[in-house]
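Okay, structure first, notes after.
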Amino acid sequence: MKKFLIILGALFALFYAALCTVALTVDDRLMFPRPPHTYSQSIHGYMELNTGKEKIASFWLRNPESKKTLLYCHGNNEDLGRSSNFLSQFYAMGFSVMAIDYPGYGLSSGKPTESGCYRAIDAAYDFLTKQQNILPQDITVFGFSIGTGPSTYLASKKPVGGLILQAPFLSAYRVMTNNRILPIDAFNSYGRINKVKCPLLVIHGTNDNVIPFWHGKELFDSAKNTKAKKFISAEGAGHGQGSIQGSVNNYYQEIANFIKSPLQ
């Protein structure tokens with residue numbers, strides 16, 4: 001029996017080591033299924049940011065009539081071109097709008113990685129606060145799906161006016177495993193959410209079959225240090241933007257109200 005247990009333990013250790021190796025070698029390909037780019041540099045508002053390692057394709061529409069700015073991080077299988085109509089709605093509602101393509105997405109250089117996404121959103125924040133002189137409290141960060149990772153990262157380390165998370169996850173690996181079983185964890189929003197001090201709005205579809213609804217609810221419940229928070233259940237909605245928008249009454253107005261006056 002002792003010999004059997006030793007062999008079993010060795011096999012488990014080999015399996016666990018192999019699992020960690022697979023996670024390290026293929027996680028970027030699984031997390032970042034990049035679509036072909038859908039826009040050119042002639043798109044209205046196009047500009048580039050420099051992270052020091054990559055050129056980040058960005059979408060910047062300054063609205064001189066508004067102090068408030070929306071900083072948007074899109075989901076997977078999207079780029080700035082696919083997000084432009086969605087973002088233009090907020091510009092039409094009177095806000096300034098900033099959005100980024102992650103490294104390797106759209107016209108951005110480099111390849112997509114977790115750290116590259118962080119560099120991209122850091123560059124966008126620096127552009128807004130240092131070059132455009134926008135006050136941190138006037139910036140609302142909005143992340144959708146994979147974009148909730150860099151959005152939570154930014155709000156946990158820099159002052160912002162508000163954080164919107166739509167279809168968020170606790171961490172990228174826990175979408176697949178439910179529980180944390182690896183010593184590594186990509187986009188660990190669960191580990192960062194208690195460092196978020198600004199008002200928080202979480203929106204999640206109850207029928208999301210990509211990132212389960214309980215991820216958003218548990219992340220929301222774990223946010224103990226926010227100034228205020230609100231959770232919106234998109235009843236019957238799946239993961240897509242259109243599905244969620246169609247399930248939330250006055251979707252755009254909910255977002256606009258939060259940007260103007262976060263949960264006051």
Side-chain angles (χ1 to χ4, degrees), residues 59 61 66-76 78 83 85-100 102 117 120-121 124-125 128 134 136-170 187 189-190 192-205 208 211 213 215-223 225-234 237 239-264:
F59 182 74
L61 293 176
S66 177
K67 291 197 310 180
K68 301 295 184 179
T69 295
L70 182 68
L71 172 53
Y72 183 71
C73 292
H74 62 67
N76 248 332
E78 294 184 279
S83 306
N85 288 338
F86 174 72
L87 296 170
S88 294
Q89 294 278 351
F90 295 106
Y91 180 73
M93 296 176 83
F95 304 111
S96 296
V97 177
M98 180 87 193
I100 53 173
Y102 313 124
C117 290
I121 197 169
Y125 182 87
L128 294 174
I134 296 171
Q137 61 264 33
D138 290 329
I139 299 173
T140 298
V141 186
F142 185 165
F144 168 52
S145 189
I146 195 77
T148 62
S151 296
T152 303
Y153 154 84
L154 182 70
S156 72
K157 68 189 289 284
K158 296 287 180 68
V160 295
L163 174 63
I164 302 170
L165 301 176
Q166 184 169 295
F169 46 66
L170 296 174
F187 291 117
S189 294
Y190 181 75
R192 292 190 172 103
I193 196 66
N194 267 334
K195 295 179 181 178
V196 174
K197 306 292 179 63
C198 66
L200 171 68
L201 174 63
V202 177
I203 307 170
H204 212 127
D208 192 329
I211 300 174
F213 176 79
H215 273 254
K217 194 64 173 67
E218 187 168 335
L219 191 65
F220 175 83
D221 291 340
S222 300
N225 295 314
T226 58
K227 291 181 179 177
K229 59 181 182 176
K230 180 179 181 180
F231 188 91
I232 297 178
S233 298
H239 189 70
Q241 275 280 16
S243 179
I244 291 174
Q245 291 169 27
S247 299
V248 176
N249 290 332
N250 301 314
Y251 172 87
Y252 282 101
Q253 196 58 53
E254 282 276 4
I255 302 296
N257 290 342
F258 184 83
I259 297 171
K260 289 177 184 176
S261 184
L263 304 179
Q264 294 179 6

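Treat the numbers as computed from the prediction; the structure is a model and nothing was measured.
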Could you check whether any side-chain N or O of Tyr102 sits under 3.5 Å from a backbone N or O of His74, counting only pairs where one atom can act as donor and the other as acceptor? yes
Answer yes or no: is there a donor N or O on one side and an acceptor on the other, between the side chain of His239 and the main chain of Asp208, under 3.5 Å? no
Start with the C-alpha gap between Phe187 and Cys117, add the side-chain angles, then the distance that decides, and say whether side-chain contact (heavy atoms from CB on, under 4.5 Å) holds. CA-CA 10 Å; Phe187 291 117; Cys117 290; 4.1 Å; yes
How long is the span from the CD1 atom in Ile259 to the CG atom in Leu70, to the nearest 0.5 Å? 4.5 Å
Can you tell me if Lys158 has over 12 outside heavy atoms packed within less than 6.0 Å of its NZ? yes
Using the ring of each side chain (for Trp, its six-membered ring), is Phe231 parallel, tilted or perpendicular to Phe213, with breaks at 30° and 60°? perpendicular
From Ile139 CD1 over to Leu128 CG, what is the distance, rounded to the nearest 0.5 angstrom? 5.0 Å
Run the side-chain contact (heavy atoms from CB on, under 4.5 Å) check on Asn250 and Asn257 step by step: do they pass? CA-CA 10 Å; Asn250 301 314; Asn257 290 342; over 6 Å; no
If you round to the nearest 0.5 Å, how far is CD of Glu218 from OG of Ser189? 12.5 Å
Nearest heavy-atom approach of Gln137 to Lys68 is O-NZ, 3.9 Å
Within the 4.5 Å heavy-atom criterion, are Leu201 and Ile255 side-chain neighbours or not? yes
Can you see which heavy atom on Ala223 is nearest to which on Lys229, and at what distance? O-NZ, 2.9 Å
Please report the shortest heavy-atom distance between Phe220 and Val202, naming the atom on each side. CD1-CG2, 3.9 Å
Grab the two heavy atoms, one from Asn194 and one from Ser222, that are nearest each other, plus how far apart they are. OD1-O, 2.8 Å
Have Asn85 and Gln89 got a donor and an acceptor in their side chains that come within less than 3.5 Å? no
Aromatic plane relationship, Tyr252 with Phe86 - under 30° parallel, 30 to 60° tilted, over 60° perpendicular: tilted
Given Pro168, which partner from the list Thr148, Ile203, Leu163, Ile193 fulfils the side chain to side chain contact (heavy atoms under 4.5 Å, CB included) test? Thr148
Tell me, yes or no, whether the heavy-atom count around Lys67 atom NZ, taken from other residues, nucleotides or ligands under 6.0 Å, exceeds 12. no
Give, for atom CG of Leu61 and atom CE of Met98, the distance between the pair rounded to the nearest 0.5 Å. 10.0 Å
Please report the interatomic distance CD1(Ile134) to OG(Ser96), rounded to the nearest 0.5 Å. 5.5 Å
Any non-hydrogen side-chain atom of Val97 less than 4.5 Å from a side-chain atom of Tyr72? no
Measure the CD-CD distance between Gln166 and Gln241 for me, rounded to the nearest 0.5 Å. 4.5 Å
Test log, rule side-chain contact (heavy atoms from CB on, under 4.5 Å), inputs Thr226 and Val196: CA-CA 6 Å; Thr226 58; Val196 174; 4.2 Å; yes
Closest approach of Ile211 to Ser145 (non-hydrogen atoms, all atoms of both residues): CD1-OG, 3.8 Å
Between the main-chain N or O of Lys195 and the side-chain N or O of Ser156, is there a donor-acceptor pair closer than 3.5 Å? no
Would you say the side chain of Lys157 lies within less than 4.5 Å of the side chain of Arg192, judging by non-hydrogen atoms? no
Does any non-hydrogen side-chain atom of Leu71 lie less than 4.5 Å from one of Ile121? yes
Are any of the side-chain heavy atoms of Phe144 and Ser151 separated by less than 4.5 Å? no
I'd like to check Tyr125 versus Val141 (side-chain heavy atoms, cut-off strictly below 4.5 Å). Are they in contact? no
Quick check: closest heavy atoms across Leu170 and Leu219, and the distance to 0.1 Å? CD2-N, 3.7 Å
Side-chain touch Phe95/Lys260, heavy atoms, less than 4.5 angstrom: yes
